[in-house]
Number of protein chains: 2
Amino acid sequence: MENMETTSIKEVAHRAGVSLGTVSNVLNRPHLVADTTRQRVLEAIRELGYVRNDSARQLRAGRSRTIAIVVLDVSNPFFTDVIRGAEEAIDAAGAVAVVCNSGQSAARERRHLELLEEQRVQGVLITPVDGGRDSQLVNLIKRGVPVVLVDRGIWQSDRCSVAVDDVLGGRIAGQHFRELGHDHVAFVGGPLTIPQVADRQRGFESVLSGVRVRTFLTPELTVAAGRQAGHAIADLPAPDRPTAVFCANDLLALGLLQEMTQRGINVPDEVAILGYDDIDFAAAAAVPLSSVRQPREHLGRAAAELLLEETRSPDTHAHRNLVFHPELVARKSTARPGR
Amino acid sequence: MENMETTSIKEVAHRAGVSLGTVSNVLNRPHLVADTTRQRVLEAIRELGYVRNDSARQLRAGRSRTIAIVVLDVSNPFFTDVIRGAEEAIDAAGAVAVVCNSGQSAARERRHLELLEEQRVQGVLITPVDGGRDSQLVNLIKRGVPVVLVDRGIWQSDRCSVAVDDVLGGRIAGQHFRELGHDHVAFVGGPLTIPQVADRQRGFESVLSGVRVRTFLTPELTVAAGRQAGHAIADLPAPDRPTAVFCANDLLALGLLQEMTQRGINVPDEVAILGYDDIDFAAAAAVPLSSVRQPREHLGRAAAELLLEETRSPDTHAHRNLVFHPELVARKSTARPGR
DNA sequence: CGCGACGGTTGAAACGCGTCAACGCTGCCC
DNA sequence: GGGCAGCGTTGACGCGTTTCAACCGTCGCG
């Protein structure tokens, strides 16, 4: 077991009394090697603590077995769930997933992509900082590396992508309020420069013609921003207050909920609240939060499968842009008053 | 830009009219190359879209520039914060961080470690599934790969580690209750096979001699388990009910809080609740949750720095086992009654 | 003015390690 | 004896790095 730092296939061959190629065969095509020889080689490998040098292997193979998942923010539960789904599929295919965190920084994303390109990764699954126009990413694609966009830039036909239909999500929210009989509702979210937010708003309003809809723009999608919006809504005199509020994500909804609870405004009787994402904490809130759920793990799995498909048959592969449907998870925060 | 798949340093050299070595010098020791030549080479690189082959480079160098962070669960905020801290330090050192998720599975951890070893990573920062006795991890260390344990196995002297003093965290909790004048308190947590949980309990009880302390064991550290414990506590007749509860983590505390709120038991007036971890949602709970905060990012940064130090001077390096101190973050859930 | 020395480059070749295709040896069967 | 498996070996190859000898032009000294 000692002297491991420099153990190469050559020493294994020497110790086992065979040639280099045989050792290689034992490792890669064991059926070609006679039983006794194979045993001897495996024995030598064990004794020397030999570990294959992946650099050399890759150098010859021209590509690696790893698939990279580049996310905007590892601490966002949305992405961690996407990661889990993708890992599942990648694992099942015998590849290995590594996660890179761009942390919303274009510079870090670029650094990661550069390295990944140098490492000749098998493919990249990415939620790009800038929607996928970055030159580094374009280079990667030009080079023939399969790339799948996750939840961004679904309109680009030169690559695969997966996303969730946010307009539909908004529609589902509006529909839900309609069915509950609300005739004065509100949308809380922002900034509208985030396509997801704008889409959700658009879908929401599109099914609410004839209903009074107010909009409260927020500077970000956080609990604090939700609280502030809640402040503004609670300050309205009761007759002028919307009876149902759709928030662009669950954090906003949780903030809103807290503010309402603190102000003594009953949820859902006086104000119904509907979130988006269905994060784990939604169900666990003081008043269990209704939410529009995105199939996060599914999204990741589908993305990984598109990627794997492309790596397996790059020639016949046709790029696809999958769009998933969100679904309503109704809980107490939008229960019909009086229930 | 075309024909990129096979572009090698050789073609660059040819196109620039220089030799291989010169191109290599341009890439690695540009000061050794005359200005005009360098420009010519850079130009050729750009024109051909050349990207260095990291496998070949590593094959020669014997080791890579990447540092792996292997965590138990990417969707746990504790780890994502640790990751962020570690990435900061790794980035600053010019290395690259990749994250591997073992998902609590020893098999996946093993697979990842095997691959990392084959890739000759510069170092590994890991929270091992089994406390660090896994043979794959031991192999890695034998081989001379720097390994730093995170929040596990601090007693092992053959490697560096970082951890947070959970006994102290428990003491801080107990001390807090003492100062608030509680004379009947409870600990909620489990299973005690998790060292962190056992340590917190031990510390908690150690400073509460003379105080009545009940223990409610939970099967896991989740919101649901917290709710169940809350159920049991709320069922106690008021005089027999503890006036302050210390939970082994914030999820339990949030579940407990919800149950209390739902049962109409006032927090903190009738029951004070103290959590552990100070996750983002703690401050955002219906009643802002007091918690014992662990310096998560700091932990990650320190771990990465130990690792980097070891990679830089493997000979003079002495293993260290850093222990960090948690701190109390007092919010409303443990405010003095009547305030 | 001529020659050697010197600072500063350049280019050929060896090297790191595993993979794979082509080839060679043994022994057996018909 | 010819042919065929079955097994193992040989050697070229992938690509960037590094070493070292050779080379260039310039400068100083005699």
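Bear in mind the structure is a predicted one, so any value in this text is a computation, not a measurement. Both backbone and side-chain heavy atoms feed into the values below; hydrogens, waters and symmetry mates do not. Just so it is clear: chains get the letters A, B, ... in the order the sequence lines come, proteins before strands, and each one is counted from 1.
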| request: Under the side chain to side chain donor-acceptor pair (under 3.5 Å) rule, what do B/Gln58 and A/Asp54 come out as? Steps first, then yes or no, please. | output: CA-CA 9 Å; B/Gln58 273 186 44; A/Asp54 203 48; over 6 Å; no

So which protein nitrogen or oxygen atoms get under 3.5 Å of nucleotides 4-8 of chain D's nitrogens or oxygens?
residue: D/dG8; atom: OP1; partner: A/Thr37; partner atom: OG1; Å: 2.1
residue: D/dG8; atom: OP2; partner: A/Ala34; partner atom: N; Å: 2.8

| query | Is the closest side-chain heavy-atom distance between B/His14 and B/Lys10 below 4.5 Å? | reply | no

| query | Atom CG of A/Leu20 and atom P of D/dA12: how far apart are they, to the nearest Å? | reply | 14 Å

| request: Run the numbers on B/Gln294 and B/Asp81 for side chain to side chain donor-acceptor pair (under 3.5 Å), then give the verdict. | output: CA-CA 10 Å; B/Gln294 311 201 57; B/Asp81 286 349; over 6 Å; no

| Which whole-number value in Å describes the distance from B/His14 NE2 to C/dT10 P? | 18 Å

| said: I'd like to know if the side chain of A/Arg84 pairs up with that of B/Ser75 as donor and acceptor (distance under 3.5 Å, no hydrogens or angles considered). | reply: yes

| message | Any base atoms under 4.0 Å from B/Ser24, or only sugar-phosphate, or nothing? Heavy atoms, all strands. | response | base

| said: So, OP1 or OP2 of D/dC15: does either fall under 4.0 Å of a side-chain N or O from B/Tyr50? | reply: no

| Can you tell which of A/Leu307, A/Leu116, A/Ile67 makes a side-chain contact (heavy atoms from CB on, under 4.5 Å) with A/Gln122? | A/Ile67

| message | If the test is side-chain contact (heavy atoms from CB on, under 4.5 Å), which one of A/Ile83, A/Val71, A/Asp151, A/Leu72 qualifies with A/Phe78? | response | A/Asp151

| request: Compute whether any side-chain donor of one residue and acceptor of the other, for A/Arg110 and A/Ser135, lie under 3.5 angstrom apart. | output: yes

| For DNA chain C, what residues of residues 54-63 of chain B have any heavy atom nearer than 4.0 Å? | B/Ala56, B/Leu59, B/Arg60

| note | When rounded to whole Å, the CZ to C1' distance for the pair A/Arg120 and D/dG16 reads 11 Å

| request: Using side-chain contact (heavy atoms from CB on, under 4.5 Å) as the criterion, point out the one residue from A/Val82, A/Val74, A/Ile90 that pairs with A/Ile69. | output: A/Ile90

| message | Rounded to whole Å, please give me the gap between CD1 in A/Ile9 and C1' in D/dT10. | response | 14 Å

| Hey, does the side chain of B/Arg29 come within less than 4.0 Å of D/dT17's phosphate (OP1/OP2), counting only N and O? | no

| OP1, OP2 of C/dG18 versus side-chain N and O of A/Asn53: anything below 4.0 Å? | no

| Would A/Glu117 and A/Asn139 count as having a side-chain donor-acceptor pair, cut-off 3.5 Å? | no

